[in-house]
There are 2 protein chains.
Amino acid sequence: MNSEGTLRHFNLRKTKIRIAVLDALAQSVGALSYAVLQERLIEFDRTTLYRTLLTLSDHGLIHKAYEENGESYYARCFGCSDQAHNHEHLHLKCSSCGGVECIEISEQLKRNLAQLPFQEINISAKGSCSTCEPV
Amino acid sequence: MNSEGTLRHFNLRKTKIRIAVLDALAQSVGALSYAVLQERLIEFDRTTLYRTLLTLSDHGLIHKAYEENGESYYARCFGCSDQAHNHEHLHLKCSSCGGVECIEISEQLKRNLAQLPFQEINISAKGSCSTCEPV
DNA sequence: ACTAAAAATGCAACAGTGTTGCAAGTAAGT
DNA sequence: ACTTACTTGCAACACTGTTGCATTTTTAGT
Ligand SMILES: [Mn+2]
Ligand SMILES: [Mn+2]
Ligand SMILES: [Zn+2]
Ligand SMILES: [Zn+2]
């Protein structure tokens, strides 16, 4: 589904910046930092970008994929809603290229995590991404 | 071991702010935010606090326990060194009181995580802490 | 297509945090 | 006590998070 369809599906108004953010994230292999989003969407005010990220995040269209030292990365969600973000994957920050990727985890690990009595669980890791250190 | 002994053990110079930071973290049940540390250690310059947290973190005496929306929380480390931070626990942000705690995880989960090919892994969760919602 | 209500945007403004350079002060070994 | 390497305080700057408010845009109803 394209970005406009996604917005309609989530009952969100179709605005330029929302489409632009969703498009940017959809086209990117890894997650995009707030700084990169800002420079790619330089035609919009950064407050609007800030509020757009909040809205898309609140409704489960995107999620914060990584955060450290004031750097935030965002990525598209798959199967999330405004009820809950279900992130059955981890966020890898590549020590080499600095990129951030969403990485699938094993079924076993998913089951282990599901047993924890918490509303939301996020795993982040540091290491080499598949591009920088091919398997 | 007290804070002075800890610094000696890690071959770090014994300075007022390092002792004060270690003492503050040692006495606290949960992790302390940067903001709280700053107001408790108001007698020191915030740049010095910033560099102190970096130094203690780099050498494995403390770790960043949680980070979101520009808020960082710090906690004492147990068994870490400048070679590696071994965090076999997760960081819980209480949705109720806002506090951050280090929570032990099961042996099984530890084993699962150990199999992942990454240098460093951090788990953070949101939910109710034991104080706000007793078992 | 027209209109009104609801929602989103742009702009200004402010606080907090991360970060660095540099001069002055301090800790630790001799 | 002396020396040296390390640490601190201060200034300074960039970036992010956050809010209020006037203006513009979207969308639903006619
Ligand atoms: Mn992700
Ligand atoms: Mn911890
Ligand atoms: Zn990489
Ligand atoms: Zn609590």
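The figures here come from the full heavy-atom set of this structure, side chains too, leaving out hydrogens, waters and symmetry mates. In what follows, chains carry the letters A, B, and so on, assigned in the order in which the sequence lines appear, proteins first and then strands, with residues in each chain numbered from 1.
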Query raised in the report: Could you give the CD-to-P distance, from B/E71 to C/dA15, as a whole number of Å?
Result: 18 Å
Report summary line: Residue pair B/L49/A/K14 against DNA chain D: nearer the 5' end by closest nucleotide is B/L49
Query - C/dG16 OP1/OP2 closer than 4.0 Å to side-chain N/O of B/S33 - result: no
Report summary line: Rounded to whole Å, the CD1-P distance (A/I42 to D/dC15) equals 11 Å
Query raised in the report: Say you draw a straight line from SG of A/C129 to CD1 of A/I103; how long is it, rounded to the nearest 0.5 Å?
Result: 8.0 Å
Query - Polar side-chain contact A/R51-C/dG10 base: donor and acceptor under 3.5 Å - result: yes
Report task. Please state whether the phosphate of C/dT17, meaning OP1 or OP2, lies under 4.0 angstrom from any side-chain nitrogen or oxygen of B/Y50. Result -> no
Query raised in the report: How close or far is atom P of D/dT25 from atom CD1 of A/I17, stated in whole angstroms?
Result: 14 Å
Query raised in the report: Is there a donor-acceptor contact under 3.5 Å linking the side chains of B/K64 and A/N69?
Result: yes
Report task. Select base, sugar-phosphate, or nothing to describe what B/T55 touches, counting heavy atoms under 4.0 Å on all strands. Result -> nothing
Query - Side chain of B/R13 - closest among D/dG17, C/dG18, C/dA28 - result: C/dA28
Report summary line: Nearest-nucleotide check on DNA chain C, B/L12 vs B/G70; residue mapping nearer the 5' end is B/G70
Requested in this report: Tell me whether the OP1 or OP2 atom of C/dT17 has a side-chain N or O from B/T47 closer than 4.0 Å.
Outcome: no
Query raised in the report: Is there a donor-acceptor contact under 3.5 Å linking the side chains of B/D23 and B/S3?
Result: yes
Report task. Would you kindly give the CG-to-P distance between A/D45 and D/dT24, to the nearest whole Å? Result -> 15 Å
Query raised in the report: Taking the side chain from A/R18 and the backbone from A/L7, do they hold a donor-acceptor pair closer than 3.5 Å?
Result: no
Report task. Measure distances between side-chain N and O atoms of A/R46 and base N and O atoms of D/dG17, and say whether any donor-acceptor pair falls under 3.5 Å. Result -> yes
Query - A/T48 side-chain N/O to C/dG10 phosphate OP1/OP2 under 4.0 Å - result: yes
Query raised in the report: Could you give the CZ-to-P distance, from B/F10 to D/dT7, as a whole number of Å?
Result: 15 Å
Query - Sugar-phosphate only, base, or nothing, as touched by B/Q38 at under 4.0 Å among non-hydrogen atoms - result: sugar-phosphate
Query raised in the report: How many Å lie between NE2 on B/H59 and P on D/dC6, as a whole number?
Result: 11 Å
**Report entry** Parallel, tilted or perpendicular, as decided by the 30° and 60° cut-offs, for the rings of A/H63 and A/H91
**Finding:** parallel
Query - For atom CG of B/L54 and atom P of C/dG18, their distance in whole Å - result: 9 Å
Query raised in the report: What nucleic acid atoms does A/R8 come within less than 4.0 Å of, heavy atoms only: base, sugar-phosphate, or nothing?
Result: nothing
**Report entry** B/L53 CG to C/dT17 P, straight-line distance once rounded to whole Å
**Finding:** 11 Å
